[in-house]
Protein chains: 2
Amino acid sequence: MTAVLVIEDDDRIRLALLLALEEEGYTVRGAATAEEGLRSQRVEPADNVLVDLMLPGIDGFECIRQLRRDDDVPIVVISARDDTHDIVAALEAGADDYVVKPVAVKELSARLRALRRRGRAAVAAVQVFGDLEISADAGEVRLGGQLLSLTRTEFRLLCELADHAGKVLSRQQLLQRVWGYQTGDERLVDVHVGRLRQKIETEPANPRHLVTLRGLGYKLQR
Amino acid sequence: MTAVLVIEDDDRIRLALLLALEEEGYTVRGAATAEEGLRSQRVEPADNVLVDLMLPGIDGFECIRQLRRDDDVPIVVISARDDTHDIVAALEAGADDYVVKPVAVKELSARLRALRRRGRAAVAAVQVFGDLEISADAGEVRLGGQLLSLTRTEFRLLCELADHAGKVLSRQQLLQRVWGYQTGDERLVDVHVGRLRQKIETEPANPRHLVTLRGLGYKLQR
DNA sequence: GGGCGTATGACAGTTGGGTGACAAAAGTGT
DNA sequence: ACACTTTTGTCACCCAACTGTCATACGCCC
């Protein structure tokens with residue numbers, strides 16, 4: 001069962017949303033202010049949070065920031081008008097998606113589903129690949145619980161690959177994203193991948209996570 | 001003949017893209033600003049539009065919105081880094097797909113084709129042909145859930161066929177699209193189709209997916 | 001059955017990628 | 001500023017995997 005928290009000050013809209021979401025099969029709870037919403041989320045975290053941007057007291061942006069500080073819950077913004085500035089700012093504050101009022105519940109529901117499916121995994125605090133754990137924020141990587149010491153380049157490379165878990169990244173793409181080179185010797189990537197493998201693979205000769213796709217590039221998989 | 005409009009402010013990138021697309025058989029036109037691009041599209045609409053997100057003056061998002069207002073043309077976003085926010089925002093603004101720089105022209109071309117065929121529906125990550133699953137992003141192909149290991153050529157060949165599911169492709173066309181050869185020995189295609197069949201068909205002798213049309217070419221079917 | 005188009009196995013040349021060595025560069029502490 | 005350590009990028013070499021060609025075998029269609 002999926003729980004949704006709706007933070008919205010307008011009673012009518014909040015109630016309408018809660019009823020509609022309940023109808024869709026969600027467990028719902030509501031909050032009329034950011035403070036109330038944050039408290040609610042701290043006490044009993046929901047799986048999705050909907051936040052109106054225009055709130056009395058602590059506003060929506062700050063609310064998003066605080067929610068995001070504690071938690072990786074998917075946040076969907078409800079915005080009054082579709083003002084690009086507001087939306088960009090909200091996404092920058094850490095929101096994952098937004099809908100514009102008046103809210104079509106079917107659409108909202110679809111987005112919640114999509115968000116949950118897509119998951120915030122890509123930007124989650126700790127990414128897990130079997131016995132490999134990467135916590136980008138803390139700058140730590142563990143293999144079977146054992147803390148590894150990676151160089152900066154290795155770490156960036158790993159993060160880049162982890163951010164695209166399961167997708168192939170070409171040497172070209174890695175050169176650009178990790179090194180910022182527009183052009184350069186692709187063999188550089190090979191060497192660093194090799195070094196990274198020595199550290200993150202229990203058996204570097206046949207890697208289980210950081211795999212090569214001949215002619216395509218590299219991929220990090222679970 | 002398919003016309004593509006590229007709206008990108010960086011001269012080098014724009015020119016490179018235009019040349020590459022021309023090479024692929026598209027009619028191309030370029031624009032360095034959103035204004036110029038919008039005007040061009042109004043005067044002489046292209047069949048696909050590529051838009052960079054970072055543009056001087058009117059930015060990419062606004063440009064997409066305005067393009068979408070007048071027209072149903074498929075829009076592909078070119079984004080510098082793959083920042084989830086940017087991409088979500090671009091898709092919200094009305095883009096249909098996106099590619100991340102540095103752009104692999106083959107990939108781009110495939111997406112354009114796919115977009116045109118599917119007509120503005122998002123490009124599926126995984127294509128399914130009965131018990132055969134192709135995930136281009138992950139560089140993975142599965143037969144009955146079992147992961148196959150294809151060579152680069154086999155993979156490209158398969159993708160090319162999959163992008164034209166159900167349509168016959170002549171050896172000539174395949175030579176050109178997969179190998180980039182303007183001319184060459186068509187037997188080469190046979191050999192690789194054969195090798196591919198050994199891997200993707202449960203019964204290579206009478207193929208169910210990758211079928212030969214005597215005198216015409218090959219076809220991948222569901 | 002004959003002829004043409006297609007499948008396939010073998011082979012040699014080529015390519016792509018892993019790796020260790022090394023020098024330059026960056027970082028660190030005194 | 002200096003000496004020392006760590007990290008980074010380049011290079012050369014090697015091997016496994018892949019590619020393209022060819023010869024031969026097969027099978028469809030008239």
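Note on naming: letters A, B, ... go to the chains in the order of the sequence lines (proteins, then strands), and numbering restarts at 1 for each one. All of these numbers come straight from a predicted model, not from anything done at the bench.
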Strictly distance-based, threshold 3.5 Å: is any side-chain N or O of E8(B) a donor or acceptor partner for the main-chain N or O of D10(B)?
yes
Ion pair E36(B)/R39(B), N-O distance below 4.0 Å:
no
Just wondering, do K219(A) and L169(A) contact through their side chains at under 4.5 Å, heavy atoms?
-> no
Whole-Å distance, L157(A) CG to dT7(D) C1', equals 14 Å
Separation of dT19(D) atom P from D185(B) atom CG, nearest Å, is 16 Å
Contact string for nucleotides 23-30 of chain D, one letter per nucleotide 5' to 3', B = base within protein heavy-atom range under 4.0 Å, S = sugar-phosphate only, - = neither, reads ----BB--
Q) Are any of the side-chain nitrogens in E154(A) or K199(A) under 4.0 Å away from the carboxylate oxygens of its partner? A) yes
Between CG of L188(A) and P of dT8(D) the distance, given in whole Å, is 10 Å
Please confirm whether the backbone N or O of P207(B) pairs with a side-chain atom of R197(B), one donor and one acceptor, at under 3.5 Å?
no
- Task: Return no unless some side-chain N or O of W179(B) is found under 4.0 Å from OP1 or OP2 of dG20(D).
- Result: yes
Between R171(B) and L188(B) (side chain of the first, backbone of the second, donor and acceptor by atom type, cut-off under 3.5 Å), is there such a pair? no
- Item | Q173(B) (side chain) donor-acceptor with S170(B) (main chain) under 3.5 angstrom | yes
Students should find that the nucleotides of DNA chain C closing off the region near chain B, any atom under 4.0 angstrom from a heavy atom, are dC4(C) to dG16(C)
Taking any heavy-atom pair under 4.0 Å as a contact, classify Y218(B): base, sugar-phosphate, or nothing.
sugar-phosphate
To the nearest angstrom, the CD-C1' distance between E186(B) and dG20(D) comes to 15 Å
Here the distance between atom C1' of dG9(D) and atom CG of L174(A), to the nearest Å, is 16 Å
Just to be sure I understand the rule, does R152(A) reach a base, reach only the sugar-phosphate, or reach nothing, if contact means heavy atoms closer than 4.0 Å? sugar-phosphate
Spell out, as yes or no, whether a donor-acceptor pair under 3.5 Å connects the side chain of D9(B) to the backbone of T33(B). no
Atom CG of D190(A) and atom P of dA17(D) are separated, to the nearest Å, by 17 Å
| query | So, does R29(B) use its side chain to make a donor-acceptor pair with the main chain of E44(B) at under 3.5 Å? | reply | yes
Note to self: Tell me if a side-chain donor or acceptor on E201(A) pairs with a main-chain N or O of L210(A) at a distance below 3.5 Å.
What the structure shows: yes
In short, salt bridge (charged side-chain N to carboxylate O under 4.0 Å, His left out) pairs touching residues 13-22 of chain B with sequence neighbours left out are D11(B)-R14(B)
T151(B) side chain N/O closer than 4.0 Å to the phosphate oxygens (OP1, OP2) of dT19(D)?
yes
One would report the end-axis bend of the helix from dG1(C)-dC30(D) to dT30(C)-dA1(D), five pairs per end and rounded to 10 degrees, as 40°
Contact check, residues 193-211 of chain B vs DNA chain D, heavy-atom distance under 4.0 Å, returns R195(B)
Charged N to carboxylate O under 4.0 angstrom, R142(A) versus E140(A)?
-> yes
- Message: Set out, in order, the CA-CA distance, both residues' side-chain angles and the distance that settles side chain to side chain donor-acceptor pair (under 3.5 Å) for R156(A) and H192(A), then state yes or no.
- Response: CA-CA 11 Å; R156(A) 281 201 204 137; H192(A) 282 275; over 6 Å; no
Those residues at least two apart in sequence (or on a different chain) that pass ring-ring contact (aromatic ring centres under 6.0 Å, His included) with H209(A) are none
